[in-house]
Amino acid sequence: QTGCALIVGRNPSAADPVQWRALKHAKQRGATIVVIDPARTPAAKMADLWLQPRPGTDSAIALAMIHVIITEDLHDLAFIQRWCHGFKDLTQRAAQYPPDVAARLSGVSQDDIVHAARLYAQGPSVFVSGHGIDAFSAGVQTFRAFHALIAITGNLDRPGSNRRVKKPTDWRNYIELLHDPEFRLPREIENQTIGADLFPLWSGPEGWQTASHNPSVIKAILTGEPYPVRAMYVSGVNIAVTYPDTRRTMEALAALDFLAVTTNMMTPTAELADIVLPKTTGLEEEEVSLDPGAPCVSFTRAVLAPRGSARSDFDIATALADRLQARGIPARKFLPWRTKREFTTFLMGNSGIDFDALERTGFAKFDYAMGDFETTGFKTPTGKIELFSERLHALGLDPLPDYVEPRSKRQSAKVLSNYPLILLTGAREKTYHHSRYREQAWARKISPYPRVEMNSETAASNGLERDDWVKIETPDADGSCELMVTLTEDVAPGILRTGMGWWLPEAAEPARGAFTVNVNATMSYGEPWDPVTGSADTRGLSCRVTKIAPENAAMGTVSK
Ligand SMILES: Nc1nc2c(c(=O)[nH]1)N[C@H]1C(S)=C(S)[C@@H](COP(=O)(O)OP(=O)(O)OC[C@H]3O[C@@H](n4cnc5c(=O)[nH]c(N)nc54)[C@H](O)[C@@H]3O)O[C@H]1N2
Ligand SMILES: Nc1nc2c(c(=O)[nH]1)N[C@H]1C(S)=C(S)[C@@H](COP(=O)(O)OP(=O)(O)OC[C@H]3O[C@@H](n4cnc5c(=O)[nH]c(N)nc54)[C@H](O)[C@@H]3O)O[C@H]1N2
Ligand SMILES: [Mo]
């Protein structure tokens with residue numbers, strides 16, 4: 001029912017086929033599509049308006065759109081007065097970024113910014129977001145700027161707008177479990193979560209995730225600060241490939257006294273383990289999941305019996321808890337369920353969904369209310385949408401969305417002259433899921449090489465041609481990454497755009513390509529970190545490119 005989809009830093013055609021189909025339907029129905037992306041993605045190709053910003057400058061565009069909407073009186077005053085906190089402060093902040101200022105910062109024309117604001121304000125509008133705006137060290141501020149845009153136009157929980165998370169009454173998701181007092185560790189232990197002091201809204205007892213801050217854990221392993229970390233249990237993640245700074249991550253894993261990895265295949269992470277626990281694949285497990293956007297509960301059937309000694313994550317975890325319990329550690333308290341089915345039933349609570357019917361049909365719809373703010377309010381200190389965040393303010397952080405100079409702008413002139421290009425990583429491709437499926441013949445046939453997209457002008461000025469092998473380096477880590485050149489006019493001159501997750505399951509060496517074809521080998525996981533979440537920049541990095549002879553490339557001997 002949307003009238004306008006504003007797609008920002010999201011490539012739905014590769015990353016989310018279901019969302020992509022919905023967006024194409026919307027377009028066919030006559031909805032306006034506005035895309036903000038440095039690359040001309042399939043979404044940008046179908047868009048009515050495409051804004052091509054310099055990476056990491058989206059918050060300036062969002063603030064300018066807010067400014068235009070307020071000055072042209074296109075905002076929803078009734079909604080703001082009832083449900084928003086800090087509108088006056090936001091108005092003043094946005095006034096610092098009129099379209100001419102945002103145009104200068106982002107490289108997008110003033111007219112296009114004004115046009116985008118007017119199209120979005122017509123509504124009902126939906127904001128479709130992705131890692132193109134949050135995988136930065138200023139990601140939270142950028143997101144807050146776009147969320148403020150949603151709020152001041154009242155495009156929330158109305159047909160055709162962004163919907164709040166919907167779930168059946170009584171349903172529990174895993175984040176809620178983390179915060180359930182019944183399953184929590186003593187406070188003094190939770191307080192010691194690495195990162196709880198630096199990023200209290202992310203890690204530790206008050207944190208949304210309650211999880212540690214990853215780069216600080218790597219540092220703790222290597223330095224013993226704030227305390228030594230000596231053992232690690234890794235499940236469902238291939239950190240030797242997917243964390244930035246491969247050399248440091250590998251060094252940290254090797255420095256542990258004990259490492260256990262649960263996986264369905266031998267990854268570079270698993271190669272470093274003392275013990276590898278074989279894990280079933282999704283085809284061997286049943287799963288109940290909630291799609292809050294649908295909104296619908298769905299059921300996936302197991303289609304194979306577990307093979308060999310493989311077990312599900314659930315069975316491995318309960319077996320470990322049993323052993324701990326036998327040694328006098330009350331681990332079962334945190335995992336009281338015997339079977340996955342028992343656990344699933346617990347999560348579903350008294351939601352009224354009939355398991356047998358769900359199993360039979362594969363899905364169950366549920367009733368939900370739209371715009372029920374009067375009964376549910378907002379889980380903020382003021383009970384409203386906080387354009388001015390009281391929680392950030394209390395922590396001494398900027399309570400209002402703001403523009404923060406992208407990392408490449410903050411480098412010294414010397415670094416910039418040595419690393420004159422801008423690197424975007426993580427562009428998804430349909431063939432792979434992160435580091436997965438690199439061993440699958442069908443996937444390797446469709447997408448045989450790690451690729452880097454560049455404009456023909458960038459290629460020419462660096463002496464490069466289509467299908468050349470190149471080495472990419474950034475100033476912030478000592479490794480490099482070998483990629484094959486794709487020429488395209490869909491990215492601006494000076495921009496290099498690549499994926500993530502490459503490694504070579506077939507390689508004989510234990511790192512299996514993690515140091516040669518993996519983009520994270522050339523990236524830093526260090527500061528600057530987002531002051532709220534501790535995220536590092538994985539896009540918008542200064543970099544340089546050098547041609548390498550095919551015979552010197554790790555995959556170069558494979559014929560093109
Ligand atoms: N097939 C497949 N699907 C996946 C995944 C997968 O690995 N494979 N991974 C899943 C996961 S976990 C995630 S998180 C999502 C991620 O999927 P998305 O959120 O779509 O993320 P990306 O593909 O990294 O980036 C989206 C777009 O951001 C653009 N971009 C880069 N820098 C900027 C910038 O500064 N500003 C703006 N406006 N745009 C920028 C890129 O050009 C790209 O087109 O995909 C999910 N879906
Ligand atoms: N440079 C750069 N780095 C990035 C990104 C980027 O855009 N750029 N994107 C980031 C994002 S958004 C994400 S989500 C991460 C993804 O990073 P990861 O979560 O590390 O990605 P996967 O490759 O999906 O790793 C899953 C691993 O889990 C194991 N596995 C598979 N299925 C199962 C299972 O059912 N159970 C268990 N126990 N194990 C299983 C396999 O060993 C597999 O290799 O990467 C991040 N890293
Ligand atoms: Mo992700």
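Just so you know, ligand 1 is whichever comes first in the structure, and atom 1 is the first atom listed for that ligand. FYI, the numbering just counts along the sequence from 1.
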### Message
Among G426, G540, G56, S129, which one puts a heavy atom closest to atom 35 (O) of ligand 1?
### Response
G56
#### Entry: Neighbour count above 12 (heavy atom, 6.0 Å) for R341 CZ
yes
### Message
Against ligand 2, does G501 come closer than 4.0 Å with any heavy atom?
### Response
no
### Nearest neighbour in protein (non-hydrogen) for atom 39 (N) of ligand 2
G236 CA, 3.2 Å
### Query
Among H433, Q19, E429, whose heavy atom sits nearest atom 1 (N) of ligand 1?
E429
### Message
Checking a contact table here: which protein heavy atom is nearest atom 25 (O) of ligand 2, and how many Å away?
### Response
N238 N, 3.7 Å
### Query
Going by the atom numbers of ligand 2, which of them fall below 4.0 Å from some non-hydrogen atom of H131?
12 (S)
### Message
For W442 and Y437, take the angle between the two ring planes, folded into 0 to 90°, and tell me which bin it lands in: parallel under 30, tilted 30 to 60, perpendicular over 60.
### Response
tilted
### Task
Can you sort out which atoms of ligand 2 are near M523, meaning under 4.0 Å from one of its heavy atoms?
1 (N)
### Query
Is any side-chain N of the basic residue among K340 and E286 closer than 4.0 Å to the acidic one's carboxylate O?
no
### Task
Please report which non-hydrogen protein atom sits nearest to atom 8 (N) of ligand 2, along with the residue it belongs to and the distance in Å to one decimal place.
T425 OG1, 3.0 Å
### Query
Would D16 and R10 count as a salt bridge (Lys or Arg N to Asp or Glu O under 4.0 Å) if you check the C-alpha gap in whole Å, the side-chain angles of each, and the deciding distance to 0.1 Å?
CA-CA 9 Å; D16 192 334; R10 175 78 167 167; 3.3 Å; yes
### Query
Can you tell me if T474 uses its side chain to pair, donor with acceptor, with the backbone of T522 under 3.5 Å?
yes
### Message
If the threshold is 4.0 Å, N to carboxylate O, is there a salt bridge linking E473 and R544?
### Response
yes
### Task
Give the atoms of ligand 1, by number and element, whose distance to some non-hydrogen atom of G130 is under 4.0 Å.
19 (O)
### Message
Which of the numbered atoms in ligand 1 are under 4.0 angstrom from any heavy atom belonging to A39?
### Response
42 (O)
### Query
Got a donor-acceptor contact below 3.5 angstrom from the T269 side chain to the A240 backbone?
yes
### Query
Can an N or O of S435 be found at a distance shorter than 3.5 Å from an N or O of ligand 2?
yes
### Summary
Near T267 (heavy-atom distance under 4.0 Å), the atoms of ligand 2 are 42 (O), 44 (O)
### Task
Answer whether the closest heavy-atom distance between the side chains of Y233 and I275 falls below 4.5 Å.
no
### Query
Would you call the rings of H213 and W529 parallel, tilted or perpendicular, where under 30° means parallel and over 60° means perpendicular?
perpendicular
### Task
Answer yes or no for D16: is there a heavy-atom contact with ligand 1 below 4.0 Å?
no
### Query
How far is atom 2 (C) of ligand 1 from its nearest protein heavy atom, and which residue and atom is that?
Y432 O, 3.4 Å
### Message
Please list the nearest protein heavy atom to atom 27 (C) of ligand 1 with its residue and the distance rounded to 0.1 Å.
### Response
D37 OD2, 3.3 Å
### Message
Tell me whether L424 has any N or O atom under 3.5 angstrom from an N or O of ligand 1.
### Response
no
### Task
Run down the list R10, R497, R40 and name the one with the heavy atom closest to atom 44 (O) of ligand 1.
R497
### Query
Which protein non-hydrogen atom lies closest to atom 26 (C) of ligand 1, naming both residue and atom, and how far is it?
G9 O, 3.2 Å
### Message
Within the 4.0 Å heavy-atom shell around R539, which atoms of ligand 2 are there?
### Response
6 (C), 7 (O)
### Query
Does E506 come within less than 4.0 Å of R438, counting only side-chain N to carboxylate O?
no
### Query
Can an N or O of D58 be found at a distance shorter than 3.5 Å from an N or O of ligand 1?
yes
### Task
For H434, take its heavy atoms, then give the atoms of ligand 1 lying under 4.0 Å from any of them.
6 (C), 7 (O), 9 (N), 10 (C), 11 (C), 12 (S)
### Query
Taking non-hydrogen atoms only, is D313 closer than 4.0 angstrom to ligand 2 via side chain, backbone, both or neither?
side chain
### Query
Between D476 and R407, is there a salt bridge with N-O shorter than 4.0 Å?
yes
### Query
Which of the atoms in ligand 2, numbered in the order shown and given with their element, are less than 4.0 Å from a heavy-atom of T263?
29 (C), 41 (C), 42 (O)
### Query
Is there a donor-acceptor contact under 3.5 Å from the side chain of R311 to the main chain of I316?
no
### Query
Taking all atoms of both residues into account, what is the closest heavy-atom pair of R247 and E251, and its distance?
NH1-OE2, 2.7 Å
### Task
Please confirm whether E285 comes within less than 3.5 Å of ligand 2 when only nitrogen or oxygen atoms on both sides are compared.
no
### Heavy-atom side-chain proximity of T263 to L277 below 4.5 angstrom
no
### Message
A side-chain contact here means heavy atoms from C-beta on lying under 4.5 Å apart; do P450 and W469 qualify?
### Response
yes
### Query
Using the benzene-type ring in the case of Trp, are the ring centres of F146 and F127 under 6.0 Å apart?
yes
### Query
For ligand 1, is there an N or O atom under 3.5 Å from any N or O atom of P38?
no
### Query
Which part of P55 is near ligand 1, with near meaning a heavy atom under 4.0 Å away: side chain, backbone, both or neither?
both
### Message
Ring centroids only, cut at 6.0 angstrom: are Y432 and W502 within range, meaning strictly under it?
### Response
yes
### Summary
Short version for M500: what comes under 4.0 Å of ligand 2, heavy atoms counted, is side chain
### Query
Got the closest protein heavy atom to atom 43 (C) of ligand 2, with its distance?
R436 CG, 4.0 Å
### Query
Is K45 salt-bridged to D490, cutoff N-O under 4.0 Å?
yes
### Task
Indicate the ring-plane relationship of F346 and F343, choosing parallel, tilted or perpendicular according to the 30° and 60° boundaries.
parallel
### Message
Any atom of ligand 1 sitting under 4.0 Å from a heavy atom of A14?
### Response
yes
### Query
Under 4.0 Å from ligand 2, counting heavy atoms only, is it the side chain of R428, its backbone, both or neither?
side chain
#### Entry: Heavy-atom nearest neighbour in the protein, as seen from atom 30 (N) of ligand 2, with distance rounded to 0.1 Å
N264 OD1, 3.6 Å
### Message
Counting only nitrogen or oxygen atoms and a 3.5 angstrom limit, does F136 reach ligand 1?
### Response
no
### Query
Numbering the atoms of ligand 1 from 1, which are under 4.0 Å from a heavy atom of T41?
44 (O)
### Query
Are E285 and K279 ion-paired here, with the side-chain N under 4.0 Å from a carboxylate O?
yes
#### Entry: Protein contact of atom 20 (O) of ligand 1 - nearest heavy atom, named by residue and atom, plus distance
N11 N, 2.9 Å
### Query
Do D313 and S235 touch side chain to side chain, with heavy atoms closer than 4.5 Å?
yes
### Task
Provide the number and element of each atom of ligand 2 under 4.0 Å from a heavy atom of N520.
1 (N), 2 (C), 3 (N)
### Summary
In this structure, atom 33 (C) of ligand 1 is nearest to the protein heavy atom G132 O, 3.0 Å
### Query
Less than 3.5 Å between some nitrogen or oxygen of K279 and one of ligand 2, yes or no?
yes
### Task
Distance to 0.1 Å, residue and atom name: give those for the protein heavy atom nearest to atom 47 (N) of ligand 2.
T242 O, 2.8 Å
### Summary
for atom 45 (O) of ligand 1, nearest protein heavy atom and its distance come out as A15 CB, 3.4 Å
